[in-house]
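Every chain is numbered from 1, with letters handed out A, B, ... down the list of sequences.
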Amino acid sequence: MLDKNFDPRTAEPRLYQAWEESGAFAPTDNPDAEPFSIVIPPPNVTGSLHIGHALNNTLQDVLIRFQRMRGKAALWLPGTDHAGIATQMVVERQLSDAGNMGRRDMGRDAFVAKVWEWKATSGGTIVNQLRRLGASCDWSRERFTLDEGLSAAVRKVFVQLHREGLIYRDKRLVNWDPHFQTAISDLEVEQKEVDGAYWHFAYPLEDGSGEIVVATTRPETMLGDTAVAVHPDDERYKDLVGKKVRLPIVGRLIPIVADEYADPEKGSGAVKITPAHDFNDFQVGKRHGLEAINILDAFGKISENAPAQFQGHDRFVARKMVIEQFEALDLLRGIEKTRHQVPHGDRSGVVIEPWLTDQWYVDAETLAKPAIAAVEDGRTVFEPRNWDKTYFEWMRNIQPWCISRQLWWGHRIPAWYDEDGNIYVEETEAAAIAAAGGKALKQDEDVLDTWFSSGLWAFSTLGWPEQTEDLKRFYPTHTLVTGFDIIFFWVARMMMMGLHFTGEVPFQRVVINALVRDEKGQKMSKSKGNVMDPLLLINKYGCDAVRFTLTAMSGQARDIKLAEQRIEGYRNFGTKLWNATRFAQMNGCVRVEGFDPATATQTLSKWIRGETAKTAAVVTRALEDCAYDEVAGGLYRFIWNVFCDWYLELAKPILNGSDEAAKSEVQAMTAWVLDQCLLMLHPVMPFITEELWQKTAEEGPARDGFLMTASWPAYPDSFIDPAAEGEIGWVVDLVTEVRSLRAEMNVPPGARLPLTLSGASPEAAARLERHRDLILTLARLDSAVLAEAPAPGTAPFVIGEATGALTVAGFIDLAAEKARLAKDIAGHIADMERVNRKLGNPDFMAKAKEEVIAENRAKLADAEAAKTKLEAALKRLETVG
RNA sequence: GGACGUGUAGCUCAGCGGGAGAGCACCUCGUUGACAUCGAGGGGGUCACAGGUUCAAUCCCUGUCACGUCCACCA
């Protein structure tokens, strides 16, 4: 006998370990099995499981378990990302906390060795947390973006793209992070709105004939100004173009140039040009052959290219100094407070500076073209569909991708330089030296953007560039499940790299999962203190409850507002199933080997068999379409509202009755349906279902292996029996009507009342006859018989073509009952009027579809009949009254 | 400025051309055994607003308002 409750704390680790040890997570080696593969979005190796991971990985696990049960060669390939900046940060902080020497003091090799050491001891955290979530990844294939194989793939890709001219080195403005002293890509820049101001500065004309006023939000950049621009059509400044101004403080003579970039509508219409520190100014500078003077160093301090008094001062200190000096020179013409967007590094949080350096770039525009086409023609589809618009929007406006980072942790760029600065890009140092004719070379100091290696993830993890069995079998992968926040970072780059290097899309379908927010819709963050730790939730409610909740809430919406109460509710759902199984055990509902539901003779058996088949159809289709909310909803309704609330209640009289044949059939059927529940629920709630699968085998025939590897159910349409459906539906309606009446009339629960049924068809009469015992029990009736007409003083209700009448003498409140009937009648009359209006409308009759007209006619007839019966009942009441 | 999305019951959301739905919350009633982590019953909505298309609009179109997210912009 089962315990009263499922104990997830002990069962979950035990079951997971058993699954893992059995090798069931690996794809079947059956060569005929159709492959189904998913690559995990590799979490940062520094990461720990947050609720977003829990959602993302639950959805993947649901899919992979479903496809595994369907007999596919299901591969879910796990791994982690080396996460350049994030990891370097963690280890640096650890070194500093421990009072060790810093990264720069210990040197590159020693530091990188430290990071590897850290990875070996602490890098497995998130992988173990995925196990707690029940993730059925094939751990034997686990990869790391910086492992030997993936590193070789990275070098090969870099070299090939370089040979094709798609990777190049360029000197231009980059987004520079002064905190980490590295370049970052556009995507790693976050715009934040902050308080700021426009400072209006006067630049005196060289000839002393006046001044020109410019405005800036970054006064310190004036130290690097090399021009002032005005619009060529701006009458105000027409005569000044070609003249020069003397840059205050610096003393440099700089030209006034005419350029369309200057907007006459903005400010004074004249704009200062700092080519080395502004993306727009850089372009203007190019057009006019202006010098780009770099006044900042890598730390964001003023460099030796600026006047001595500023050198070595932080950019924000220099800003104040510049303003003060303008004021002192009486050249400050105004300050205008404003709020404006300022770029910040997404990791460092500091203000990003446009900075002029040499970096490596990928020609993303060229790579994007096939990637756009693949989504346009449907080789890869987004789910929900409209995410493709986001993808297109970015891909069609894509900019060169800056891939070099001035960090130590990552894939070192496979480029070597000789003394003269010639570059040799090769997969190995030996090859580079050979290419250089034996000269001594020095490798590029930089590493690649982390996303460069994750862009290869879909095929590098399967063994590329080797033509491995896995690559042949599992590439292209089937589905990618990921968050919309990394469509640009990751999905787009995998599309580009996958198509370029394999000629095929990396995945056929991209399922975009929502963002989990707190119950008020706020983004979860540590500072707000509203984070929900999935591991705490798992400990509290069990993993299955957390998984079911996340699945149930994964509709089309972009956000999931997660309230703990929901998890509690789905924990109860698990308990409900557990107790239904317990009930089955108590009633001898043991699995019968070879039981064929098709042979069922009892109406109740045929009905639940059909309901099971309908549920399986709904759930299977929903799983195929990744309609997760429908998966959860379909299972919940069937197990709780159909199986527990009705079937088990309807089965009780049979299970307690004396008809042995009926009893043994219902016992076998109950056990069978329970098995089907476990099978269908397993992908979402793997633990409790597996536990029940094993436990029920203790009292019945042995099981052949895990539920996890059992076959997904599929039933013939013939399992649905319309006659049984009609009959049980009728019983359910009848019982519901009686219960409703009893409650409305405040009939005491213990009172057993007589019921008559008049005007019943022979079919209804037969149904009453067949299910009388059931009806008496469930509706708490004393008797249920056919009658000529409802007796006076009874409470009537309409059931199909018949009138039911409950004898409630002693409980009936005449006035209340009259009011109830009048309300019902009014409702029917309103229906009739509405339908009559339609049927009386010649346009409706001429243009509406046949079946709609028929439907309305039937509706009218039903309403009329019901109204007539209720009116008769009301009349009787009035006579009595 | 551009793009995408959302406004349906107190809350969270489903539905999406022909009778307004679910879960939770709320109210009433009910514990000698599957489950109080439960059962039975019930109340509650001009489906944001305004136009249009249609025989018919919560659903399609246009506009307005409100909210959210992403991208661009830092004179």
Side-chain angles (χ1 to χ4, degrees), chain A residues 2 4-5 186-187 191 193-194 196 198-201 213-218 229 261-263 265-273 278-280 336 338 340-343 384 386-387 389-390 392-394 397 484-485 487-488 515 519-521 523 541 545 552-553 555-563 565-566 568-587 629-630 633 636-637 641 644-645 648-649 652 735-736 739-744 746-750 778 780 831 834-835 838 841-849 851-853 855-856 859 863:
Chain A
L2 289 169
K4 215 170 169 182
N5 285 301
D186 300 347
L187 289 175
Q191 302 292 338
E193 197 178 68
V194 298
Y198 292 121
W199 283 273
H200 297 260
F201 291 158
V213 175
V214 296
T216 179
T217 57
R218 295 189 298 155
Y261 165 67
D263 183 350
E265 305 294 317
K266 279 189 184 168
S268 65
V271 57
K272 63 190 271 308
I273 301 297
D278 182 285
F279 288 98
N280 288 309
E336 206 184 316
T338 178
H340 60 155
Q341 302 281 341
V342 176
N386 15 21
W387 284 110
K389 295 207 176 73
T390 304
F392 287 139
E393 180 67 19
W394 189 68
N397 298 297
F484 57 79
D485 49 335
I487 290 179
F488 304 148
L515 187 72
E519 56 195 307
K520 297 189 192 88
K523 206 166 172 172
Y541 298 105
M553 302 193 75
Q556 299 275 301
R558 291 176 171 216
D559 296 334
I560 291 178
K561 289 174 196 153
L562 188 59
Q565 201 178 32
R566 277 301 274 269
E568 193 183 340
Y570 290 128
R571 187 267 323 267
N572 296 352
F573 172 62
T575 306
K576 187 75 181 174
L577 175 66
W578 183 269
N579 278 290
T581 311
R582 204 157 157 264
F583 169 81
Q585 277 194 347
M586 289 173 176
N587 286 279
D629 52 337
E630 290 175 36
Y636 187 93
R637 274 191 296 279
N641 303 123
C644 291
D645 286 349
L648 290 182
E649 294 305 320
K652 277 177 185 174
V735 169
T736 305
R739 282 173 174 171
S740 177
L741 268 182
R742 292 180 62 113
E744 275 179 54
N746 292 317
V747 176
L778 295 181
R780 292 171 177 267
D831 281 353
R834 202 187 52 246
V835 176
K838 271 191 191 177
N841 179 344
D843 283 330
F844 174 77
M845 297 307 283
K847 292 179 184 174
K849 279 177 284 188
E851 60 262 34
V852 172
I853 294 174
E855 216 172 88
N856 276 281
K859 209 180 290 173

- Message: Is any side-chain heavy atom of A:His340 closer than 4.5 Å to one of A:Val194?
- Response: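 Yes, at least one pair of side-chain atoms sits under 4.5 Å.
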How far does the [atom1] atom of [N] sit from the matching atom of [M], given to the nearest Å?
N     : M     : atom1 : value
B:A50 : B:A57 : P     : 15 Å
B:C71 : B:C24 : P     : 38 Å
B:C13 : B:G17 : P     : 22 Å

Write down the distance between [atom1] ([X]) and [atom2] ([N]), rounded to a whole number of angstrom.
X        : N     : atom1 : atom2 : answer
A:Asn641 : B:G21 : CG    : P     : 16 Å
A:Gln191 : B:A72 : CD    : C1'   : 8 Å
A:Phe484 : B:G68 : CZ    : C1'   : 10 Å
A:Lys561 : B:A14 : NZ    : P     : 10 Å

- Query: What is the per-nucleotide protein-contact pattern of nucleotides 52-57 of chain B, from the 5' end, where B denotes a base atom under 4.0 Å from a protein heavy atom, S denotes such proximity for sugar-phosphate atoms only, and - denotes neither?
  - Reply: ---B--
- What does nucleotides 26-36 of chain B look like as a protein-contact string, B for base, S for sugar-phosphate only, - for none, at under 4.0 angstrom between heavy atoms? ----S---BBS
Under the side-chain hydrogen bond (donor to acceptor under 3.5 Å, both in side chains) test, which residues partner [X], sequence neighbours left out?
X        : value
A:Asp186 : A:Asn175
A:Glu855 : none
A:Arg582 : none

Identify, with sequence neighbours excluded, every residue that meets side chain to side chain contact (heavy atoms under 4.5 Å, CB included) alongside [X].
X        : value
A:Asn386 : A:Pro384, A:Lys389
A:Glu336 : A:Tyr198, A:His200
A:Glu393 : A:Asn397

- Task: Could you pull out all residues at least two apart from A:Arg218 that satisfy salt bridge (Lys or Arg N to Asp or Glu O under 4.0 Å)?
- Result: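 Counting only residues at least two positions away or on another chain, A:Arg218 forms a salt bridge (Lys or Arg N to Asp or Glu O under 4.0 Å) with A:Asp278, A:Glu353.
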- Please check if the side chain of A:Arg780 supplies one atom and the backbone of A:Arg742 the other of a donor-acceptor pair under 3.5 Å.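 Not at all, since once roles are kept as given, no pair shorter than 3.5 Å links the two residues.
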Each nucleotide N or O in nucleotides 2-8 of chain B that has a protein N or O under 3.5 Å away: list the pair and distance.
| unit_1 | atom_1 | unit_2 | atom_2 | d |
| --- | --- | --- | --- | --- |
| B:C4 | O2' | A:Arg558 | NH2 | 2.4 |
| B:G5 | OP1 | A:Asn386 | ND2 | 2.9 |

- Message: Would you say the ring centers of A:Tyr636 and A:Tyr570 fall short of 6.0 Å from each other?
- Response: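 Judged by ring-centre distance (under 6.0 Å), A:Tyr636 and A:Tyr570 do meet the cut-off.
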- Query: Which nucleotide in the set B:U37, B:G42, B:C73 lies at the smallest distance from any side-chain heavy atom of A:Ser740?
  - Reply: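 From the listed options, B:G42 comes nearest.
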- Could you check which of B:U37, B:C13, B:A40 has an atom nearest any side-chain atom of A:Asn5?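 Minimum distance to the A:Asn5 side chain belongs to B:U37.
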- Of the non-hydrogen atoms in A:Cys644 and A:Ala580, which two are nearest, and what is the gap between them?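 Heavy atoms only, the tightest pair is SG-CB, 3.7 Å.
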- Minimum heavy-atom distance A:Lys838-A:Asn856, with the two atoms named: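 Taking every non-hydrogen atom into account, CD-OD1, 3.8 Å.
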- Query: What residues, two or more places apart in sequence or in another chain, satisfy ring-ring contact (aromatic ring centres under 6.0 Å, His included) together with A:Phe201?
  - Reply: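 If we apply the ring-ring contact (aromatic ring centres under 6.0 Å, His included) test to A:Phe201, skipping adjacent residues, the hits are A:Phe326.
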- Message: By the definition ring pair (Phe, Tyr, Trp, His ring centres under 6.0 Å), identify the one residue from A:Phe484, A:Phe392, A:Trp394 that meets it with A:Trp387.
- Response: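 Among the candidates, only A:Phe484 passes.
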- Can you check whether A:Thr338 has a side-chain N or O nearer than 4.0 Å to OP1 or OP2 of B:C74?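 Checking A:Thr338 against B:C74: no side-chain N or O falls below 4.0 Å of OP1 or OP2.
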- Item | Dot-bracket pairing map - RNA chain B, Watson-Crick plus G-U, both contacts under 3.5 Å, | cross-strand | ((((((((.[[[[.)..(..]]]].(((((.......))))).....[[[[[..)....]]]]])))))))....
